[in-house]
Amino acid sequence: MSTLEIRGLKVSVDTENGAVEILKGVDLTIKSGETHAIMGPNGSGKSTLAYSIAGHPKYNITGGTVTLDGADVLEMTVDERAKAGLFLAMQYPVEVPGVSVSNFLRTAVTALRGEAPKLRTWVGEVKDAMEALNMDPSFAQRNVNEGFSGGEKKRHEIMQLELLKPKIAILDETDSGLDVDALRIVSEGVNRAKASENIGVLLITHYTRILRYIKPDFVHVFANGKIVEEGGPELADKLEANGYAEYVSA
Amino acid sequence: MTTLTTNYLTPTGREEAWRFTPLKRLGGMHDGSAVVADRHSLSFVGTKAQGVSFELKPASDAPVLSESDDAIVGRIREAGKDVAVLTISANTEVADPIILGRSQGSLESAEFSRVQINVQNHARATIIVENTGDTHLAEDIEISVAAGASLTLVSLQEWSSKTVHAARLHTVVDRDATFKSVVVTIGGSLVRMLPTVEFAGPGASCELFGVYFATSGQFFEHRMFVDHKVANAKSRVNYKGALAGDQAHTVWIGDVFIRAAAEGTDTYELNRNLLLSDGARADSVPNLEIETGEIVGAGHASTTGRFDDEQLFYLMSRGINLADARRLVVRGFFNEIISEIGQDDIQTRLMDRIDDELAKAGA
């Protein structure tokens, strides 16, 4: 049983006009097995929350705490956060030229497990993960995210989620740019990871359609750098009907 | 006597061709003050396949294939030493790579060495030149790839730290012949390579790949020249370099000349540099001179940048520590070129050396 606890988190970024505060005090607790949807309009700070938890150097933490099972996440380097059990599926996964998917995955899994995986079982593990996401075997020999379509990038992210087995996964707009078939395949991957590893999921999205495939236990509405309303799955239905207008104008 | 001529050619450092090179570190190979050694260090490794010969010939039996205005090449030719000649007979296809090597050098004297490689009509071969140890070496390598022939040349500068190596690597590519080279420079104090190509017949093509990795105090210069003097030839140049540590300095010059007669030319050259620490300097100068507009394409690109923070973040967010993430990015950067060698054992050896250099530089 793991708990990611975010308390009063404030984050700013440096701009030409000085520091600009993006997160203005975020409180959120995610436990193993729970799925939290964070929904909000563009520019509300949803992705900033995701990247701040993962430790992206662009974001300056100006207040608050983030702990995973009591350990201070904000004191950890980026790789230490992953080793502690955090995973971020990125909206725009980065190309790494010359590094094959296969090499990348093996390096990551070796770092996380503390030892190189046994070759025979590892090959099978990767093959199964790729098949489950409808990915061609040749994918493993391609360079990380280089020349991938939008859908391939997202499948690659979810494949990592399934292989790296984090405690808490943050999915940043994993649904964006996916057609219905890809959305279903990717969602099934998330549900498989949840079912087998009891992962806690923080699902960041602009649209409600992914919630038809990944059922949230809690829905949080994010606007202007903080959570402005919270509820159960029914809140998503309300957003579907009314949009974000009332939160943005407020 | 030609003494006056070469004295006249002694570079001062103001010439375009010498403006980056630290002349004082050349061990006198450029100005006639070097002690010229008797040694012939280039050796043939392994057994010679049928149709392959390697022998020392008097200079009079191995006339030059090309003119050169390079001062060091001029002095090598003036020294008139015997010429190491490798010949691959017409219509011979050599399956395994031919390995040449230099390892028996010396820092007490400078070896002035002429080498000729003749790949005769419709022959095919891969030649790997492995340079190791410490030496002072001035080299004039001329290669002829005759009509319909195909040559892959891998030139590995895996020198120890004190080597001074100045070389011209000139290839004449004839009608419908293909030439591919992979030049790797990861060792030595000063290495100045002139990989040059001239097309002698239509339908000829070359692919020139290279990687270099300079750490503290090393100077590596690669000064390319591709001479499109005939129609319908194709050239591709792709050199990548990384630098780490104080006073690491690399120079890449990419000159391409498309003469009036060279209609149908297709050329593209690319140089990318990765600066891994402060205090290093990468000079990169592509030059394209075009005398005819009737061409298929001509372009070039040059970039010099630092580690991409987004790449490092992505890798680290998967649990990979900073040092390993950097190593992955650098390996990935070089992999595109190194994999062109096509010899797994050599590729592994080079990548390991690059890892070592990276670790030593603490970048």
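- Comparing Phe333(B), Phe313(B), Phe334(B) by heavy-atom pairs within less than 4.5 Å of chain A, the highest count is held by Phe313(B).
- Counting heavy atoms from C-beta on, the side chains of Leu328(B) and Thr107(A) come closer than 4.5 Å.
- At a 4.5 Å heavy-atom cutoff, the contact between Asn103(A) and chain B is made by side-chain atoms alone.
- A heavy-atom distance below 4.5 Å is not found between the side chains of Glu310(B) and Tyr92(A).
- Side chain of Asp79(A) to main chain of Met316(B): no donor-acceptor pair is present (N/O by atom type, distance under 3.5 Å, no hydrogens or angles).
- Residue contact with chain B, scored on non-hydrogen atoms closer than 4.5 Å, involves the backbone and the side chain of Pro93(A) alike.
- Looking at heavy atoms from C-beta onward, Arg318(B) lies in side-chain contact with Leu164(A) at the 4.5 angstrom threshold.
- Exactly one residue among Met90(A), Gln160(A), Arg81(A) makes a side chain to side chain contact (heavy atoms under 4.5 Å, CB included) with Ser317(B). That residue is Met90(A).
- Contacts of Asn321(B) with chain A are made by both backbone and side-chain atoms, with heavy-atom separations under 4.5 Å.
- Only the side chain of Val144(A) comes within less than 4.5 Å of a heavy atom in chain B; its backbone stays farther off.
- Without hydrogens or angle criteria, Gln311(B) side chain to Glu95(A) main chain gives a donor-acceptor distance under 3.5 Å.
- Between Phe104(A) and Tyr314(B), the distance separating the two ring centers is shorter than 6.0 angstrom.
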